[in-house]
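Input: a single structure, listed below in structure tokens.
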Amino acid sequence: MQKTGRLILVATPIGNMADLSFRALETLCSVDLIAAEDTRHSGKLLKEYNIQTKMISLHKFNEAERRQTLLQLLSEGKQIALISDAGTPGICDPGADIIRACIAEEIDISIVPGANAAVSALAVSGLSDKPFTFLGFFPKKSPQAVLDEISASIYTTVFYEAPHRIKKTLQLFSASLPSRQLVLVRELTKYYEEVLRGTADSLLAHLPAEVKGELVLIVQGAGEAPPEIDREAALSLVNAFLKRGYKHSEAVRLAAKELGIKKNALYHLTLDQGLSNEENPVSE
Ligand code: SAM
């Protein structure tokens, strides 16, 4: 009887090589072929684990063309593992095309699950107890439409973002959702792993001139967030109380009460804007 072919999606580490699972290792060693997003990149993983299996490239530029070759091998009963440069193949990575082709041809597909940057970042964000929306990379085109959706969404939103774009993206959040709680997760599982929490302005204040590494941005859902502050109105009201001689914290309390907004959010906003008459205002 002819062996049944199978496409096996194998998750690989998102930074720390030790995160390859035993079953992933076993699978990569035993399949007939590994289809990899970048054979040079994955060559390092294969070398590290002494995996001898032959590789073939499958990336966004040759995915359609490779489909026939892979379908032919699968129909001959070959077992093929699909891996991407990092994490779970098919999630913002090549793979969807061959996966759909296998479904259409009734070829078995299975998965060896493992690392995924979005879900890992969501877990450390502390915002994972609510339903979430994963939007892939933050859109370069028409970002305002997405910001408006997030503004109304009660779900936690998860984005991938490039280091050279993160400041621009945070500036957009600062303009549209200034008091929304964000979590910026950088270089998960790697040496410079970092989790920053705060509003867009406070994250911008933390970031170095040149941001490096891989990033996931998590946005708190609207239901959880305090109502958006009309920044100008709020700051000018605090300023008015300061001018009347109130201490910073008292001016914030009075302005927050008058505007029906959370005192803490306004306090941080005034600190971000350098608005205080106290020597060393304490971040609450
Ligand atoms: N398939 C991958 C997965 O399952 O996570 C995602 C691939 S996508 C092309 C790559 C993006 O994932 C990066 O630009 C970054 O936004 C995010 N990413 C990957 N590794 C990461 C890490 N170690 N820390 C933070 N974000 C990461």
Side-chain angles (χ1 to χ4, degrees), residues 7-21 23-24 27-28 34-42 44-45 48 55 57-63 81-100 109-128 132-140 143 146 150 156-170 172-173 182-198 200 203 206-208 210-219:
L7 180 73
I8 310 166
L9 318 178
V10 179
T12 57
I14 55 169
N16 189 321
M17 288 267 200
D19 288 338
L20 189 79
S21 75
R23 199 156 78 85
T27 305
L28 293 176
I34 299 171
E37 182 180 2
D38 178 344
T39 50
R40 258 180 57 186
H41 179 94
S42 294
K44 291 176 206 147
L45 181 78
E48 172 85 12
M55 275 195 286
S57 70
L58 178 91
H59 45 71
K60 62 179 174 188
F61 303 108
N62 72 357
E63 203 172 2
L82 173 66
I83 61 174
S84 64
D85 287 354
T88 303
I91 307 296
C92 286
D93 270 341
D97 186 82
I98 184 69
I99 293 166
R100 276 195 290 268
I109 306 172
S110 66
I111 184 158
V112 178
N116 168 255
V119 170
S120 307
L122 178 66
V124 291
S125 74
L127 300 172
S128 59
F132 71 93
T133 312
F134 172 57
L135 295 182
F137 280 94
F138 189 78
K140 289 182 197 151
V146 172
I150 298 174
T156 301
T157 308
V158 183
F159 288 109
Y160 288 153
E161 187 50 294
H164 65 281
R165 293 187 48 85
I166 188 64
K167 286 194 173 175
K168 176 142 189 270
T169 298
L170 289 176
L172 293 173
F173 273 92
L182 308 177
V183 182
L184 184 62
V185 181
R186 195 172 78 85
E187 292 288 84
L188 267 183
T189 77
K190 304 188 208 176
Y191 184 77
Y192 290 107
E193 177 175 304
E194 185 175 37
V195 182
L196 298 172
R197 301 166 210 275
L203 294 185
H206 263 89
L207 289 178
E210 192 195 351
V211 182
K212 291 187 181 157
E214 301 199 270
L215 305 167
V216 183
L217 182 63
I218 321 265
V219 187

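Because only heavy atoms are used, hydrogens play no part in the values below, and waters and symmetry mates are left out as well, while side chains stay in. Quick caveat, the model's predicted, so the values are computed rather than measured. Each ligand, and each atom within it, is numbered from 1 in the order the structure gives.
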Go through ligand 1 atom by atom and flag the ones less than 4.0 Å from a non-hydrogen atom of [X].
{"X": "Asp93", "result": "1 (N), 2 (C), 7 (C), 9 (C)"}
{"X": "Cys92", "result": "7 (C), 8 (S), 9 (C)"}
{"X": "Ala86", "result": "1 (N), 2 (C), 3 (C)"}
{"X": "Gly87", "result": "3 (C), 4 (O)"}
{"X": "Val216", "result": "25 (C), 26 (N)"}

Checklist entry - Under a heavy-atom criterion of less than 4.0 Å, does Leu215 contact ligand 1? => result yes
Next on the checklist: Check contact between Gly15 and ligand 1, using heavy atoms of the residue and a distance below 4.0 angstrom.
Outcome noted: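 Gly15: no contact with ligand 1 (<4.0 Å).
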Item to check | Phe134/Phe159 aromatic ring centres below 6.0 Å | outcome: no
Of the listed options [options], closest to [atom] (non-hydrogen atoms):
{"atom": "atom 11 (C) of ligand 1", "options": "Phe159, Phe137, Phe138", "result": "Phe137"}
{"atom": "atom 4 (O) of ligand 1", "options": "Asn116, Ile14, Asp85, Thr12", "result": "Asn116"}
{"atom": "atom 25 (C) of ligand 1", "options": "Lys190, Glu214, Glu161", "result": "Glu214"}

Next on the checklist: Below 3.5 Å, N or O to N or O, backbone or side chain included: is there any such pair between Ile91 and ligand 1?
Outcome noted: yes
Item to check | Under 3.5 Å: N/O of Arg186 near N/O of ligand 1 | outcome: no
Checklist entry - What is the nearest protein non-hydrogen atom to atom 5 (O) of ligand 1, stated with its residue, atom name and distance? => result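 The closest one turns out to be Ala117 N, 2.7 Å.
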Item to check | atom 24 (N) of ligand 1: nearest protein contact (heavy atom, Å) | outcome: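 Looking at atom 24 (N) of ligand 1, the protein heavy atom closest to it is Leu188 N, 2.9 Å.
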Can you tell me how far apart [atom1] ([X]) and [atom2] ([Y]) are? Round to the nearest 0.5 Å.
{"X": "Glu187", "Y": "Glu214", "atom1": "CD", "atom2": "CD", "result": "6.0 Å"}
{"X": "Ile150", "Y": "Thr133", "atom1": "CD1", "atom2": "OG1", "result": "8.5 Å"}
{"X": "Arg165", "Y": "Lys140", "atom1": "CZ", "atom2": "NZ", "result": "6.0 Å"}

Checklist entry - So, does Glu63 use its side chain to make a donor-acceptor pair with the main chain of His59 at under 3.5 Å? => result no
Next on the checklist: Tell me whether Arg186 contacts the main-chain N or O of Lys212 through its side chain, where contact means a donor paired with an acceptor under 3.5 Å.
Outcome noted: yes
Item to check | Short side-chain donor-acceptor distance under 3.5 Å, Asp93 and Ser84 | outcome: yes
Next on the checklist: Looking only at the side chains, is there a donor atom on one of Asp85 and Ser42 sitting less than 3.5 Å from an acceptor on the other?
Outcome noted: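 No donor-acceptor contact under 3.5 Å links the two side chains.
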Next on the checklist: By the definition side chain to side chain contact (heavy atoms under 4.5 Å, CB included), identify the one residue from Leu82, Val112, Ile98, Thr27 that meets it with Leu9.
Outcome noted: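 Checked Leu82, Val112, Ile98, Thr27 against Leu9; only one passes side chain to side chain contact (heavy atoms under 4.5 Å, CB included): Leu82.
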